[in-house]
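What follows is a single structure, written as structure tokens, with notes after it.
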Amino acid sequence: MRTPIIAGNWKMFKTVPEATDFIQEIKGKAEVEGVESVICAPFTNLPALVEAVKGTSIKIGAQNLHFAEDGAYTGEISGRMLKDLGVDYVIIGHSERRQYFAETDETVNKKVHAAFRNDLTPIVCVGEKLEEREAGQTKEVCKVQTEAAFAGLAKDQATKVVVAYEPIWAIGTGKSSTAQDANEVIAYIRTLITELYDESTANVVRIQYGGSVKPENVTEYMGQSDIDGALVGGASLQPASYIALVEGAK
Ligand code: G2H
């Protein structure tokens with residue numbers, strides 16, 4: 001009922017030629033019926049990538065946006081600018097942005113609204129730090145972040161949000177959450193959406209797992225009842241590995 005979604009988060013990797021070569025290599029391969037495939041690339045790559053994926057089912061996303069449409073915000077990029085390029089998705093509130101760039105639950109929510117104003121699909125990241133997990137606060141942290149992200153969204157907007165549950169201690173560390181643990185938290189996030197809206201809304205919201213996902217473990221995550229895909233960093237940077245991830249999400 002929910003279409004699985006694999007999103008590669010390239011973070012601050014790849015020049016334009018590297019990015020377009022990658023698309024040439026995955027064309028026709030990282031295109032599996034019934035799986036949505038999204039590459040979230042640095043801003044500089046986006047125009048070339050939108051062009052490179054024309055005629056394929058691969059979608060392009062950004063990794064951030066500013067919450068205003070335009071204005072005196074040196075160095076920032078707005079949703080209006082992304083839409084103008086032909087971008088479809090945007091990652092919002094990744095833990096690296098929360099940690100290094102002072103992103104807060106409030107700015108995440110403003111950015112989610114900015115995404116919808118510009119007809120972009122937000123991939124909203126939530127997840128706990130290691131000390132929060134060890135203190136038994138995983139669900140509480142996810143609740144606060146999820147409720148803040150969805151604040152003020154109408155039901156039809158809420159159904160389109162993609163949530164990425166990324167326990168911070170599992171990001172880029174090689175330590176992944178077990179599929180069962182990730183599923184338990186993701187099922188909990190779904191109950192939060194039921195409380196905020198209703199069951200039919202919660203049943204269509206796609207919730208990904210993220211944190212050291214690779215071709216070797218993607219099928220285990222995808223086999224869980226509530227996990228609808230993966231947000232993948234390191235393992236999305238090589239064409240063969242990315243293709244295997246999309247195939248593994250079938
Ligand atoms: C988490 C993830 C991508 P990685 O940041 O969002 O990265 O797969 O390298 O842990």
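Just so you know, these numbers use all the heavy atoms, side chains as well, and skip hydrogens, waters and symmetry mates.
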**Prompt:** Would a distance-only check, ignoring hydrogens and angles, find a side-chain to backbone donor-acceptor pair under 3.5 Å from His113 to Ala151?
**Reply:** yes

Rounded to the nearest 0.5 angstrom, the CD1-NZ distance for Ile91 and Lys11 is 8.5 Å

The residue among Glu132, Lys129, Glu128 that forms side chain to side chain contact (heavy atoms under 4.5 Å, CB included) with Pro167 is Glu128

Under 3.5 Å: donor-acceptor pair, side chain of Glu140, backbone of Gln137: no

Report task. Could you state whether Val232 and Tyr89 fall into the same hydrophobic cluster, counting links through intermediate Ile, Leu, Val, Met, Phe, Trp or Tyr residues with side-chain heavy atoms under 4.5 angstrom apart? Result -> no

Under 3.5 Å, is there a donor-acceptor pair between the Ser225 and Asn183 side chains?
yes

In terms of heavy-atom contacts, Val38 and Ile60 come closest through CG1-C, 4.2 Å

Item to complete: Just do the side-chain contact (heavy atoms from CB on, under 4.5 Å) check on Glu166 and His94 with the steps written out, would you?
Response: CA-CA 8 Å; Glu166 299 206 323; His94 190 279; 3.1 Å; yes

Rounding to 0.5 Å, atoms OG1 (Thr56) and NZ (Lys27) come to a distance of 7.0 Å

For Glu147, the salt bridge (Lys or Arg N to Asp or Glu O under 4.0 Å) test, sequence neighbours excluded, returns Lys143

Original post:
Got Gln145 and Val108 here, is their nearest side-chain heavy-atom distance under 4.5 Å?
Top reply: no

task: Verify, without hydrogens or angle tests, whether Asn109 (side chain) and Glu106 (backbone) share a donor-acceptor contact under 3.5 angstrom.
output: no

4.5 Å side-chain heavy-atom contact, Val218 and Tyr221: no

Enclosure of Glu216 CD (heavy-atom neighbours >12, cutoff 6.0 Å):
yes

Quiz prompt | Pairwise side-chain contact, Asp228 with Pro4, heavy-atom cut-off 4.5 Å (strictly under) | solution = no

Lys/Arg N to Asp/Glu carboxylate O, Glu51 vs Lys54, below 4.0 Å
yes

**Message:** Between Lys111 and Leu65 (side chain of the first, backbone of the second, donor and acceptor by atom type, cut-off under 3.5 Å), is there such a pair?
**Reply:** yes

* Asked: Do Glu31 and Ser57 have side-chain atoms, one donor and one acceptor, less than 3.5 Å apart?
  -> yes

A side-chain contact here means heavy atoms from C-beta on lying under 4.5 Å apart; do Lys59 and Glu36 qualify? yes

- N/O donor-acceptor pair under 3.5 Å between Ser241 side chain and Ala235 backbone: yes

Would you say the side chains of Tyr242 and Ser37 form a donor-acceptor pair under 3.5 Å? yes

Would you say Ser212's side chain and Ala170's backbone share a donor-acceptor pair under 3.5 angstrom?
yes

One should read off an interatomic distance between Glu103 CD and Glu96 CD, to the nearest 0.5 angstrom, of 12.0 Å

Check your understanding: Quick check: does any side chain N or O of Arg2 sit under 3.5 Å from a backbone N or O of Asn203, one acting as donor and the other as acceptor?
Key -> yes

Rounded to the nearest 0.5 Å, the CG atom of Leu231 sits from the CD1 atom of Ile207 at a distance of 13.5 Å

What one should report as the nearest heavy-atom pair of Gln208 and Ile186 is O-CD1, 3.6 Å

| message | Counting C-beta onward and ignoring hydrogens, is there a side-chain heavy-atom pair between Tyr165 and Asp226 closer than 4.5 Å? | response | no

Can you check whether Ala41's main-chain N or O pairs, donor with acceptor, with Lys14's side chain at less than 3.5 Å? no

Worksheet item: Are the side chain of Tyr188 and the backbone N or O of Cys142 linked by a donor-acceptor pair below 3.5 Å?
Response: no

Heavy-atom distance under 4.5 Å between the side chains of Arg98 and Ile168, does that happen here? no

Distance col, row Phe13:CZ vs Ser236:OG, nearest 0.5 angstrom, shows 9.5 Å

Rounded to the nearest 0.5 Å, the CZ atom of Phe101 sits from the CG atom of Asn64 at a distance of 9.0 Å

Correct closest heavy-atom pair for Ala202 and Thr194 would be CB-OG1, 3.1 Å

Met222, Val205: one ILVMFWY side-chain cluster at the under-4.5 Å cut-off?
yes

>> Would a single hydrophobic cluster contain both Phe116 and Val126, if residues Ile, Leu, Val, Met, Phe, Trp and Tyr are joined by side-chain heavy-atom contacts under 4.5 Å?
In response: yes

Check: So do Val246 and Ile243 actually touch side chain to side chain, heavy atoms under 4.5 Å?
Finding: no

_Looking at Val162, is its backbone amide N or carbonyl O close enough to the side chain of Arg206 to form a donor-acceptor pair, meaning the two atoms are under 3.5 Å apart?_
no

For this session: Let me see the working for Leu82 and Asn118 under side-chain contact (heavy atoms from CB on, under 4.5 Å), right down to the final yes or no.
Result: CA-CA 8 Å; Leu82 295 176; Asn118 289 287; over 6 Å; no

(Q) Any non-hydrogen side-chain atom of Gln63 less than 4.5 Å from a side-chain atom of Pro42? (A) yes

Practice prompt. State plainly whether the residues Arg80 and Glu69 are in salt-bridge range, i.e. N to O under 4.0 Å.
Written response: no

